[in-house]
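Fair warning: this is a prediction, and the values are worked out from it, not measured in the lab. Below, chains carry the letters A, B, ... as their sequence lines are ordered, and counting in each starts from 1.
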Amino acid sequence: MMIYILKRLLLIIPTLIGVTLISFILLKNIPGDPVYSLVGERADPEIIKKYQEQFGIGTYTGYVKMILTGNLGYSYYTKEPVWNTFLKKFPNTLRLAIAAMCIALLGGILLGIIASVKQNTFIDRFILFGTTLGISLPVFWWGLILIILFSYTWRILPASGMGRGEIIYLVLPSLTLGSRSVAYLARVTRASMLEVLNQPYITSARARGIGKGKLIMKHSFRNALIPVVTMAALDFASYLNGAVLTETIFNWDGIGRWAVTAIFKRDYPVILTVVLWGAFIFVAVNLVVDVLYHYINPRMRSADIKK
Amino acid sequence: MKKYLVLLLIIFIYGCSVKPPSKDVIRIRLKEDPTTLDPAFIVDVAGGAIAAKLYNGLVKLDDKCNIVPDIAESWNISRDGLIYTFNLRKDVKFSDGTVLTADTVKKSFERVIAKSPRKWIFEKVSEFKILDNNTIQIKLKERFSPFISMLTMPNAYISPDGKKGKKGTDLFILTLWEHDKKLVLESNPFYFGSPAKTKKIEYQVIPEEFTAQTEFDMGNLDIMEVSPIQWAGIIKDKKNKAKKFSQTGLNTYYIGFNCRKPLFQNIKFRQALNYAIDRQAIIDSVMQGQAEPAWGPVPPSLLKAVASYKYSYLPNKSKKLLGGKGYFLENPIRLYVRSQAQAIQIAETIQYYFGKVGIRVIITPLEWSAFKKAVDGGEADMFLMSWWGDYPDPENFLFPTFHSSNMGSGGNRAYFKNKVIDEMIEKAQKELDTKKRDELYEKLNRCLSRQAPWLFLWNAKELYITQPYISGFRQYPLYNGDKGTEIQVQEKKV
């Protein structure tokens, strides 16, 4: 197990090198230049040149050197170290991600189990319909509808911002962000539960007179969990990268909104940091998921020992 | 379990209690985080509007664009127009208690010359001379009449070290700046004049239009600028109690013709395009009626008499100028625009009108900085842009935009070159007599209108809404006119 984890950890290095290289090449080649927003109108070519030297994207080796020394550069606009800003904004993204994940897991799994147990009934159809809707609706549309209903019409929830960190500000953004995951997880849970419920061992368990609740939760659900965990983890990883649309609509001061403004302003150090972070999170979450499999699924554990 | 539920409920209800608007704070929406609040480096409107409340210049503008005293209580311009002597107030202190002297002013200006991308403000200066603690003399290399007007720009605010807005002399001090989130300004105890009517101004950075509108409707914002489409919606909504403000700003929207390209070297071709579009129709549709059609580069409010040369919608005259029934082009003309909804809409209507006189147009939308780079570099055939005044002098709409020394990033993106126009601009810059200068500017505006290096579109209105309980809000022709003196929360919201 330890060797497996170590191997996977080593694999992070080439992945990150690949990601930084690609993002670096892309940034170097996209049209646009931060200098034009910094110098304003009537700047003479000499000043533009001076600024271009100061705010250039540099070379790849220079960039790698910076990362290795733990220096991610300074924002062209705020002139603050990118890392400090990241540390300020990440907790906001984390809070939103956790809240959305809680909603997604609770809602998704519950709906999925209910649908599978009540297969082919009205409830099942209703849930299927709802989840289809949830998957097809764009997140921003869903967010706008929630704002219009809960904030504008009924005035019971704040429309945007983070207040002073009160939970109430978290409700709408996390509902919006979690909505799609709820739908996906419900479908995956349902499908994988149905597969398990049709296995012979469930029939025999039923024959042995095991209670319905125990049958579903202990005997079926645990075995149906693997695809659910994979899905949920990948969603969680993408939330941790910053939910661009949700954060923008709700004016949530997180990584996603930060990244978008940085892209528009061509704030290269910020963009590179966010991309690097995104790659890191996906690699890390994948690793965690693989390790989790070993605990959820004993079959995989034995397979590993044989190796 | 029950206990936790009750606890959750309490938290929920506590969070729900919406705080009523405080009497002492004005909440203003910002579209984006200001780039900087160091006067020397401010180039954006958001930064300039906030800096106007933190710093003072030697002179400032009133709401009719007259130049009035600020730090300088009086000034004197020598007869040859070369020596400006400013007598400074003796009671000006920075927010840390240090006293402002002539030396501070000199250092502040020298810092701009050394570091700022806007060092052109002091381009004509040969010397700053300190006569005594409260008198400074600025000597110019040559006569330059717009100079005093330029001194009202945010970059000429007095700040010896920048310090991100923390050390100014004006009504407010910056007490908090959370990037991309909010800025808080609180009244400055060291301010030399009578204090502002509000104790605090809070700027909230909300990029999304929809979000900002909802927050305003819910009473969480007091003042915000709105787009023409939002404006139209508010007007239609009879229940909306917001106070509405609309005023034509110092701007000119235009389509620049790249005069370096052979096609646009033909003056008749440029004029023909000016006759080819129905300005009022585009204003009524795309701009929701919130603009005034323009026929020359200088906004009419800066001129004593309005230009007589007028481009009405005359498609037949346009076709005639193009030489008969229509114009045959081997390749369509490329119109560069910023990739933003309104700009693309405008470009599409232009495309339609040009099509009607037989000219094919391809629209090339680009992201802002890429767009600017392409246009500055002279790559575009035509480009949709707007020019906004920095100081209230017609020169601001003539010298940077049409003088041949400013081609490209200097502002003359049409790469327009005309010796006569160059000479006239220089003459107007050096003319000290106001009346003669006004005449020169009018003549220039007329000539340029006829020369048509641009397709002149319109002067857009700036639109604001405030909550009904806000009083003292006023629109200024320039973004840095509002010092925040009069705005206040008058009565409590019901």
Side-chain angles (χ1 to χ4, degrees), chain A residues 30-45 47-48 50-51 75-80 85 88-89 92 140 143-144 147-148 151-152 155-171 248-254 257-258 260-266, chain B residues 8 11-18 32-36 38 41-44 116-121 155 164 177-182 204-208 210-215 217-220 366-374 376 387-388 390 396 399-401 406 408-411:
Chain A
I30 50 165
D33 196 326
V35 167
Y36 287 87
S37 341
L38 289 166
V39 298
E41 289 294 340
R42 298 178 74 168
D44 60 50
I47 285 182
I48 291 184
K50 205 176 106 190
Y51 268 69
S75 158
Y76 294 162
Y77 295 86
T78 64
K79 309 279 188 294
E80 276 169 22
T85 316
K88 258 186 237 161
K89 301 203 189 249
N92 299 334
F140 64 88
L144 297 186
I147 292 179
I148 289 176
S151 309
Y152 186 71
R155 312 257 158 155
I156 45 176
L157 291 169
S160 75
M162 307 194 300
R164 274 184 230 100
E166 293 99 330
I167 293 176
I168 188 146
Y169 283 90
L170 203 58
V171 179
T248 306
I249 296 168
F250 290 98
N251 221 31
W252 194 264
D253 191 22
R257 182 166 160 255
W258 188 41
V260 175
T261 28
I263 290 168
F264 280 129
K265 289 174 167 178
R266 298 285 192 275
Chain B
L8 266 176
I11 293 174
F12 191 73
I13 290 165
Y14 169 76
C16 272
S17 57
V18 179
E32 52 186 2
D33 206 37
T35 306
T36 171
D38 176 349
F41 295 95
I42 291 172
V43 292
D44 57 333
S116 168
R118 292 241 163 121
K119 61 180 184 188
W120 47 262
I121 295 174
N155 311 91
K164 276 193 158 186
W177 185 359
E178 288 182 61
H179 286 288
D180 300 318
K181 209 169 152 194
K182 68 176 175 186
Q204 299 181 3
V205 184
I206 308 178
E208 252 313 291
F210 170 86
T211 314
Q213 181 73 54
T214 314
E215 290 291 4
D217 291 340
M218 290 178 72
N220 297 328
L366 285 173
E367 181 277 326
W368 177 237
S369 67
F371 168 70
K372 235 175 158 185
K373 201 174 183 177
D376 285 4
W387 185 264
W388 292 73
D390 284 313
N396 192 197
F399 174 70
T401 42
N406 291 319
S409 61

With only heavy atoms counted, which part of [X] is less than 4.5 Å from chain B, the side chain, the backbone, both or neither?
X       : answer
A/Asp33 : both
A/Ile30 : neither
A/Tyr76 : neither

Part of B/Trp388 within contact of chain A (heavy atom distance under 4.5 Å): neither

Any side-chain donor near an acceptor of the partner, A/Ser160 and B/Glu215, under 3.5 Å: yes

side-chain contact (heavy atoms from CB on, under 4.5 Å) evaluation trace for A/Arg257 with B/Val205: CA-CA 12 Å; A/Arg257 182 166 160 255; B/Val205 184; 4.0 Å; yes

Ring pair (Phe, Tyr, Trp, His ring centres under 6.0 Å) partners of B/Phe399, counting only residues at least two apart: B/His403

Qualifying residues under ring pair (Phe, Tyr, Trp, His ring centres under 6.0 Å), relative to B/Phe210, sequence neighbours excluded: none

Heavy-atom pair of closest approach, residues [X] and [Y]:
X        : Y        : result
B/Pro207 : A/Asn251 : CD-OD1, 3.2 Å
B/Asp180 : A/Lys89  : OD2-NZ, 3.1 Å
A/Met162 : B/Lys181 : CE-NZ, 3.6 Å
A/Lys265 : B/Asp33  : NZ-O, 4.2 Å
B/Ser409 : A/Ala43  : OG-O, 3.0 Å

Short N-O contact, A/Glu41 and B/Lys372, less than 4.0 angstrom: yes

When rounded to the nearest 0.5 angstrom, what is the spacing between [atom1] in [X] and [atom2] in [Y]?
X        : Y        : atom1 : atom2 : result
A/Arg266 : B/Glu367 : CZ    : CD    : 4.0 Å
B/Asp376 : A/Ile48  : CG    : CD1   : 6.0 Å
B/Asn220 : A/Ser151 : CG    : OG    : 9.5 Å

side-chain contact (heavy atoms from CB on, under 4.5 Å) assessment of B/Asn396 paired with A/Arg42: CA-CA 10 Å; B/Asn396 192 197; A/Arg42 298 178 74 168; 3.6 Å; yes

Just wondering, do [Y] and [X] contact through their side chains at under 4.5 Å, heavy atoms?
X        : Y       : value
B/His179 : A/Thr85 : no
B/Thr35  : A/Leu38 : yes
B/Trp120 : A/Asp44 : no

Leading residue by heavy atom contact count with chain A [cutoff under 4.5 Å; candidates B/Thr214, B/Thr401, B/Ile206]: B/Ile206

A/Tyr77/B/Thr36 under side-chain contact (heavy atoms from CB on, under 4.5 Å): CA gap, chis, key distance, verdict: CA-CA 7 Å; A/Tyr77 295 86; B/Thr36 171; over 6 Å; no

Donor-acceptor under 3.5 Å (B/Glu208 side chain, A/Phe250 main chain): no

B/Ser369 side chain to A/Tyr36 backbone, donor-acceptor under 3.5 Å: no

Check against side-chain contact (heavy atoms from CB on, under 4.5 Å), A/Ile47 and B/Lys119: CA-CA 10 Å; A/Ile47 285 182; B/Lys119 61 180 184 188; 3.8 Å; yes

